[in-house]
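Worth knowing before you read on, the calculation uses all heavy atoms, side chains too, and leaves out hydrogens, waters and symmetry mates. As the structure is a prediction and not an experimental result, all values here were calculated from the model. Labels below follow one simple rule: chain letters A, B, ... track the order of the sequence lines, proteins then strands, and each chain is numbered from 1.
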Amino acid sequence: MKNYDHKQIEPKWRDYWEKEEIYKTQENKENPKFYILDMFPYPSGAGLHVGHPRGYIATDVSARMMMLKGYNVLHPMGWDAFGLPTESYAIKNKVHPRTATEQNIATFKKQLQKMGCTYDWTREINTTDPEFYKWTQWIFLQLYKKGLAYQSYKPINWCPSCQTGLANEDLEGGKCERCDTEVEQKPMRQWVLKITDYADVLLDDLDKLDQWSSSIVEMQKNWIGRSCGAKVKFEIKNWKSGEKSEYLEVFTTRPDTLFGCTYMAVAPEHQLIENWKFEIENWEEVSQYLEKSKKKTELERTAEDKEKTGVKLEGVVAVNPANGKEILVFVADYVLVDYGTGAIMAVPAHDERDYEFAQKYDLDILKVVQPSKNYKGQITNPPSREEREEKFYTGEGTNVNSDFLNGLETKEAKKKMIKWLEENGYGFTATDYKLKDWVFSRQRYWGEPIPMVHCQKCGTVPAPEDELPVELPEVTHYKPSGTGKSPLANIGEWVNTICPKCGAKAKRETDTMPQWAGSSWYYLRFIDPDNKERLVAKDKDKYWSPVNLYVGGAEHACRHLIYARFWHKFLYDIGVVNYEEPFKRLEHVGIILAEDGRKMSKRYGNVINPDNIIEEYGADAMRVYEMFMGPFNQSVVWSVNGLVGVRRFLERVYSYVNRIIDKESNPLAKERIDKWMKNQQETPKDLASLLHKTIKRVEDDIYKFKFNTAISQLMIFRNALDRKNREEKILSKADVEKFLIILSPFAPHLTEELWERLGHSKSIFYESWPEYKEQLIKEEKREVAIQVNGKLRDTMEVKGNISKQEAVEEAEKRKNIKKWMKNKELIKVVYVEDKLVNFVVK
RNA sequence: GCGGACGUGGCGGAAUUGGUAGACGCGCGUGGUUUAGGACCACGUGGGGUAUCCUGUGUGGGUUCAAAUCCCACCGUCCGCACCA
């Protein structure tokens, strides 16, 4: 008998699958569909490490099971290949980004194929393919038509190292998430997508996504960050003459505290300062402060331990509309220009920041909310809480010192104040969001050109749809120009064009789209990858959408997954797609850490290449191990020892089947083997029960993405086959086959090989998933616990489904139980079917 | 500070509609096999005790016949956001 030789087995079956096209997506309409999708990878130059495939293996396991269960499975793969890393890699290695991309894709594809993944490569897509980005550009044009893509001149995040503008989502604590450089605020013309128009629907529809993890739903809610409150107008005037006057608008979530507003503050960038330049008596001091805060980086400004600073605007005074009192106005950089209106009404008695500022500059602190008695926050940390409460109180309560609001609870007070503001023309209900419009321009080469033309006469004109794609020109100089413009700006023959509207000379837009553009809709293209007329045919979308199961890293919670939902909802609104949400169920994959507990990275030299693992242990061993190492959505540490354990399991499966059918090493048993092959051997009853239990468990666990316990159950079953004095338990051939089928999603090569040795000429993946028999599972013998007063005193083995009476009678006979019940009064007996008997005694 | 997840042997982790804690795997121990090592096979393996037993799921309390699981308080870890008015 030969040993399990994965090097011989695995390539053989991979070739077979490819030739047989067993992964080709079936579209016969009688079967139910299942669209299972991985977040498609960015093909970096480094290739895959063993951490990357965890999600791909999981989708492959699920896809294979769904195939076996008779679904039409769509399980595609593609490449999110535009973006900075490739461009940087290309510049560094002096190759064209396209060449680098092609090379990287080839490497990735080879690696994925080696793992035996079931992708339908006939549907492969690549975001850098003009046939693909034609539609990315098309979507942009539709957004433009609907007024959802516009040009803005506001300051944006600029990464001086990457030489490009960035969206808020691309920052990590004020730094460029890619290169860790602190970003600057740079005013420049850029394209922006009006995602804020979709803020409410993006937020509200999260509640419909009941198959998304709560953590991602919460992250998106926080990111969108809706606050409800009011906008309030304060009159600003020159404090002596009162001649000049205008209104300063603020946003507040606490209009009920308006009577406690004792000063106002505006952000350094606020327009008011420019407008009142000649009224501000201490202009020198003010302008110095503006200079200083401009120099401060975003990080310094927002650092929590930084003391709050500001300068009074001498000569300017505001009027609190509630009580007509004149209050001071400050410029202070704790006020953020891009949230709310860039100005605040300060209520020091009920806001920590305002309190701190008021203390420092000796401003009035007027209490207008009395904490309610049942306010729970007090109890948690009494001394410091009370102490703080004496100074400022941010909770809800009852209004005091507030004229017509006195005695009202916070909620009521808010309503009444808003009503009063509306009646008197001082304000109205308003909602604000943390989510900002999506800065969509990048000043780099390797991205989709934004399909726009600038004409002197006609202004900005969209490229005609029938001229799409606006192709990225093939050039040799694609390094950033250093002027803040895209390298495309240097390519005269490409830039200079004709205005589609008037035919005059015009210039093309030279900004490109961010990396997130293609990934915001790619999942739709897999449904209909070769459609030349439409982005996706409507009937095909109707059949395949939404994605049933979407798997990828949690790091995309607030970027890719918000952007994609935004675009999808837009496409729904303009009638391109049939469903409002793109992804029905979302599972996120935990990171695999290196054996030293750190992230796998070239920098640490701790990267493990899957190619080496496959070479030494086999693709099946790697697959089973990655699924076994821990809960799917938790991060886990890679361990060679664990890998050895699953390899042993596979070897034991292999040797079990081979021992039964190997005629050469066991010639005397030839007759018995023939009988077995004719399915004339029966499975012992206890093993049949266990097998059916295993089928159920594996099936349920794959559905729930609990792969580790599915595998553990498969191991339990294999162990049951040869325990007890080396006596091997022989299953019927049909049951061996059932076992192989339920193992096949995890270890496709091995099971395919054994399937063939059992005399089959067709792939195991043309079989059907076995159905378990509930009756057989119930009949399994089980151990029932016997407790006295809740303490375990004995156990007994019983058949499944015995009555309470039988169980209690049997339990009472036990010597040990008699001992514990002696001289005690029996109060009651608790019986839990198939689990335990508990005697309560006194 | 806000939001989320979580805390179980030497290690990764099972068990959460409350019902035998530690499945499965690693490691370790004993024995077998082997020229030896490895591999393989059998048995054992939370801690304490010769043993009937006692004890045990971050800490302290509570509910219950019964708590890793539910409730309250505290401690700690990880992730996301953060001067958001």
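Shown here, G9(B) is classed syn by the O4'-C1'-N9-C4 or O4'-C1'-N1-C2 angle, which is within 90° of 0.
The partner of G56(B), taking Watson-Crick or G-U wobble pairs whose two distances both stay under 3.5 Å, does not exist in any strand shown. Pair check for A42(B) finds U30(B); Watson-Crick or G-U wobble, both atom distances under 3.5 Å. Shown here, A82(B) forms no base pair; nothing in the strands shown gives a Watson-Crick or G-U wobble contact with both key distances under 3.5 Å. Taking a pair to require two hydrogen-bonding distances under 3.5 Å in either a Watson-Crick or a G-U wobble arrangement, U77(B) pairs with A5(B).
Along RNA chain B, the nucleotide nearest Thr252(A) and the nucleotide nearest Thr709(A) are compared for position; the residue whose nucleotide lies closer to the 5' end is Thr709(A). Where Ser635(A) and Leu836(A) meet RNA chain B, the nucleotide closest to each residue was compared, and Ser635(A) sits on the side nearer the 5' end.
Look at the C1' atom in both U57(B) and C2(B): the space between them is 30 Å, to the nearest Å. Taking atom C1' on both nucleotides, G9(B) is separated from G27(B) by 12 Å, rounded to a whole Å. Comparing A39(B) with G32(B), their C1' atoms sit 14 Å apart, to the nearest whole Å. Between U69(B) and A21(B), the distance separating the two P atoms is 14 Å to the nearest Å. For G10(B) and G80(B), the C1' atoms lie 33 Å apart once the distance is rounded to whole Å. G19(B) and U33(B): their C1' atoms are spaced 44 Å apart (whole Å). One C1' atom belongs to C83(B), the other to U77(B), and the distance between them is 27 Å to the nearest Å. The gap from the C1' atom of G18(B) to that of C65(B) amounts to 12 Å, rounded to the nearest Å.
Nearest heavy atom pair, residue Ile195(A) against residue Lys436(A), reads CG2-O, 3.3 Å.
The pair Lys696(A)-Asp700(A) meets the salt-bridge criterion, with a side-chain N (NZ, NE, NH1 or NH2) lying under 4.0 Å from an Asp/Glu carboxylate O. Note on Asp5(A) versus Lys7(A): no salt bridge recorded, every NZ/NE/NH1/NH2 to OD/OE distance being 4.0 Å or above. Between Asp170(A) and Arg178(A) there is no salt bridge, since none of the side-chain N atoms of the basic residue sits less than 4.0 Å from a carboxylate O of the acidic one. Ion pair Asp207(A)/Lys221(A) flagged as a salt bridge, since at least one NZ, NE, NH1 or NH2 atom sits closer than 4.0 Å to an Asp/Glu carboxylate oxygen. The pair Arg226(A)-Asp204(A) meets the salt-bridge criterion, with a side-chain N (NZ, NE, NH1 or NH2) lying under 4.0 Å from an Asp/Glu carboxylate O. With salt bridges taken as basic N to acidic carboxylate O contacts below 4.0 Å, one links Glu651(A) and Arg647(A).
If you take OH of Tyr334(A) and P of A82(B), they are 20 Å apart, rounded to a whole angstrom. Rounded to whole Å, atom P of A5(B) lies 12 Å from atom CG of Asn222(A). Look at NE2 on His588(A): it is 12 Å from P on G80(B), rounded to the nearest Å. Put simply, OH on Tyr625(A) is 10 Å from C1' on G25(B), counting in whole angstrom units. Distance CZ (Arg647(A)) to P (C26(B)): 14 Å, rounded to an integer number of Å. Glu169(A) has its CD atom 11 Å from the P atom of C81(B), to the nearest Å. Taking atom CZ of Phe649(A) as the reference point, atom P of C40(B) lies 15 Å away to the nearest angstrom. Atom pair Glu352(A):CD and C84(B):C1' shows a separation of 14 Å (rounding to whole Å applied).
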Could you walk me through whether Val50(A) and Met600(A) pass side chain to side chain contact (heavy atoms under 4.5 Å, CB included), step by step?
-> CA-CA 9 Å; Val50(A) 292; Met600(A) 281 191 198; 3.4 Å; yes
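Contact annotation: Lys706(A) side-chain N/O to A15(B) OP1/OP2 distance is under 4.0 Å. Between G12(B) and Asn641(A), no contact under 4.0 Å exists linking OP1 or OP2 to a side-chain N or O. For C24(B), neither phosphate oxygen OP1 nor OP2 lies less than 4.0 angstrom from any side-chain nitrogen or oxygen of Arg718(A). For the pair Asn816(A) and C53(B), the criterion of a side-chain N or O lying under 4.0 Å from OP1 or OP2 is met. In terms of phosphate contacts, Arg793(A) brings no side-chain nitrogen or oxygen within less than 4.0 Å of OP1 or OP2 of C53(B).
Distance from the side chain of Ser215(A) is smallest to G4(B) among C84(B), A14(B), G4(B). Closest approach to the Asn719(A) side chain among A15(B), G25(B), G4(B) is made by G25(B) (side chain taken as heavy atoms from C-beta onward). The side chain of Arg648(A) lies closest to G27(B) when the candidates are G27(B), G13(B), G19(B). Proximity note for Trp820(A) (side chain, C-beta onward) versus C83(B), C53(B), G3(B): the nearest is C53(B). Of the candidates G3(B), A85(B), C26(B), A85(B) carries the atom nearest the Ile344(A) side chain, counting heavy atoms from C-beta on. Taking the side chain of Lys308(A) as heavy atoms from C-beta on, and the options A14(B), C83(B), C41(B), the nearest nucleotide is C83(B). Distance from the side chain of Asn708(A) is smallest to A14(B) among G12(B), A85(B), A14(B). Candidate nucleotides G4(B), A23(B), U20(B) were compared by shortest atom distance to the side chain of Ser214(A), and G4(B) ranks first. Of the candidates G3(B), U20(B), C84(B), the closest approach to any side-chain atom of Ala785(A) belongs to U20(B). Among the nucleotides C53(B), U20(B), G4(B), the one closest to any side-chain atom of Leu792(A) is U20(B).
Residue-level contact check: Ser639(A) touches neither bases nor backbone, having no heavy atom under 4.0 Å from any strand. Nucleic acid contact for Asn633(A): none, since no nucleic acid atom lies under 4.0 Å from a heavy atom of the residue. Counting any heavy atom pair closer than 4.0 Å across all strands shown, Ser712(A) reaches a base atom.
Within a 6.0 Å radius of CG in Leu290(A), other residues, nucleotides and ligands contribute more than 12 heavy atoms. Counting heavy atoms of neighbouring residues, nucleotides and ligands inside a 6.0 Å radius, atom OH of Tyr426(A) does not exceed 12 of them.
Two rings, from Phe330(A) and Phe357(A), have their centers less than 6.0 Å apart.
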Identify all pairs in which a protein N or O lies below 3.5 Å from an N or O of nucleotides 60-71 of chain B, and state each distance.
| residue | atom | partner | partner atom | Å |
| --- | --- | --- | --- | --- |
| C65(B) | O2 | Asn838(A) | ND2 | 2.4 |

Can you tabulate the close N/O pairs, meaning under 3.5 Å, that link protein atoms to atoms of nucleotides 8-11 of chain B?
none

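Checked by atom type and distance alone, the side chain of Asp432(A) pairs as donor or acceptor with a backbone atom of Gly340(A) at under 3.5 Å.
With sequence neighbours excluded, no residue forms a side-chain hydrogen bond (donor to acceptor under 3.5 Å, both in side chains) with Trp212(A).
For the residue pair Asp364(A)/Tyr263(A), the side-chain donor-acceptor check at 3.5 Å is not satisfied.
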